Amino acid sequence: MKHQQLLVANWKMNGSAELVDSISATLAGITFTGLDVVICPPFTLLHRFAEQRNFALGAQNVSQHSAGAYTGEISAAQLLEANATYVIIGHSERRTLNAETDELIAAKLKAATEAGLTPILCVGETLEQRQQEKTEQVIARQLDAVYASQPELLAKSVIAYEPIWAIGTGESASPEQAQAIHAFIRDHLAQLDSAVASKIKLLYGGSVNGENCSALFAQPDINGALVGGASLKAAEFAQICSSAQE
Ligand code: PGA
């Protein structure tokens, strides 16, 4: 059985009220079949989206704490109140630029899931790790750090494989490279829970665009994409949505 596909837009620190309007208007013209779409804008734009829309909203980060003296942080409950139902956790930019550790990411995933958000856990290797043939080892560590001690969270998660060398570089992984790692991730998770592993959504991310998306979506273990740069262009993102439904 083919999985329902999932397309997630990661706006990063981009976008404006104007982009909210143009993306909303473009997507309103599409009927999604077999596809769920999630837009993850900066926090401040979540409330700019209409209550009625044919896609879901997500955030790009969440605090591991539920409330308190954590200046600048935002809790999972606050995200839900701002209409987000998904949250990206452990994006490589946050792992690198904000020094997020595997332990912190595991705590964030727990907080998000317990509050009722669907976490999108990002994993992926650097170019150096790939060249040293450590890709599988790195990804296994990133997955185990979150799920080995809390396997019950797996059933509520989405996982995005994002090779760091492919993010924002214009150089996507080839469909074969991505498929090989997705199959590895599914096999690895099957050791924790084979029924859940066969159903979990595995997204590919890293320079996905209107041209390369179809070949990626054709791979058996790729269930959608996490799209950065190309999600900021309404027409191109709409094209990626159409390809995901074919
Ligand atoms: P990109 O970003 O599509 O611009 O490569 C993807 C991501 O970082 O999620």
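Only heavy atoms go into these numbers, but all of them, side chains included; no hydrogens, no water, no symmetry mates. Order of listing sets the numbers, starting from 1, for every ligand and every atom in it. The structure displayed is predicted, hence computed values, not measured ones.
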- Task: Report yes or no: does Gln142 contribute a side-chain atom to a donor-acceptor pair with the main-chain N or O of Val123 at less than 3.5 Å?
- Result: no

- Item | Matching residue for Lys134 among Glu136, Gln132, Gln137 - test: side chain to side chain donor-acceptor pair (under 3.5 Å) | Gln132

- Item | Which of the ligand 1 atoms, numbered from 1, are nearer than 4.0 Å to a heavy atom of Gly206 | 5 (O)

- Could you tell me whether Glu162 and ligand 1 have an N or O pair separated by under 3.5 Å? yes

- Is the closest side-chain donor-acceptor distance between Asn223 and Gln5 under 3.5 Å? no

- Message: Polar contacts were defined as any N/O atom of the residue lying under 3.5 Å from an N/O atom of the ligand; does this apply to Gly229 and ligand 1?
- Response: yes

- Item | Atoms in ligand 1 flagged as close to Gly228, the criterion being non-hydrogen separation under 4.0 Å | 1 (P), 2 (O), 3 (O), 4 (O), 6 (C)

- Query: Which word best sums up how the rings of Tyr161 and His182 line up, parallel for under 30°, tilted for 30 to 60°, or perpendicular for over 60°?
  - Reply: perpendicular

- Does any donor atom in the side chain of Tyr70 or Ser75 lie under 3.5 Å from an acceptor atom in the other side chain? no

- By number and element, which atoms of ligand 1 are closer than 4.0 Å to a non-hydrogen atom of Ile167? 2 (O), 5 (O), 8 (O)

- N/O separation below 3.5 Å, Ala230 to ligand 1: no

- Hey, would you say the Tyr204 and Phe217 ring centroids sit under 6.0 Å apart? no

- Message: With heavy-atom distances below 4.5 Å as the criterion, would you say the side chains of Pro151 and Leu154 are in contact?
- Response: no

- Task: Number the atoms of ligand 1 from 1 as they appear, then name those within less than 4.0 Å of a heavy atom of Leu226, with their elements.
- Result: 9 (O)

- Query: In terms of atom number and element, which parts of ligand 1 are under 4.0 angstrom from non-hydrogen atoms of Gly168?
  - Reply: 1 (P), 4 (O), 5 (O)

- Query: By number and element, which atoms of ligand 1 are closer than 4.0 Å to a non-hydrogen atom of His91?
  - Reply: 7 (C), 8 (O), 9 (O)

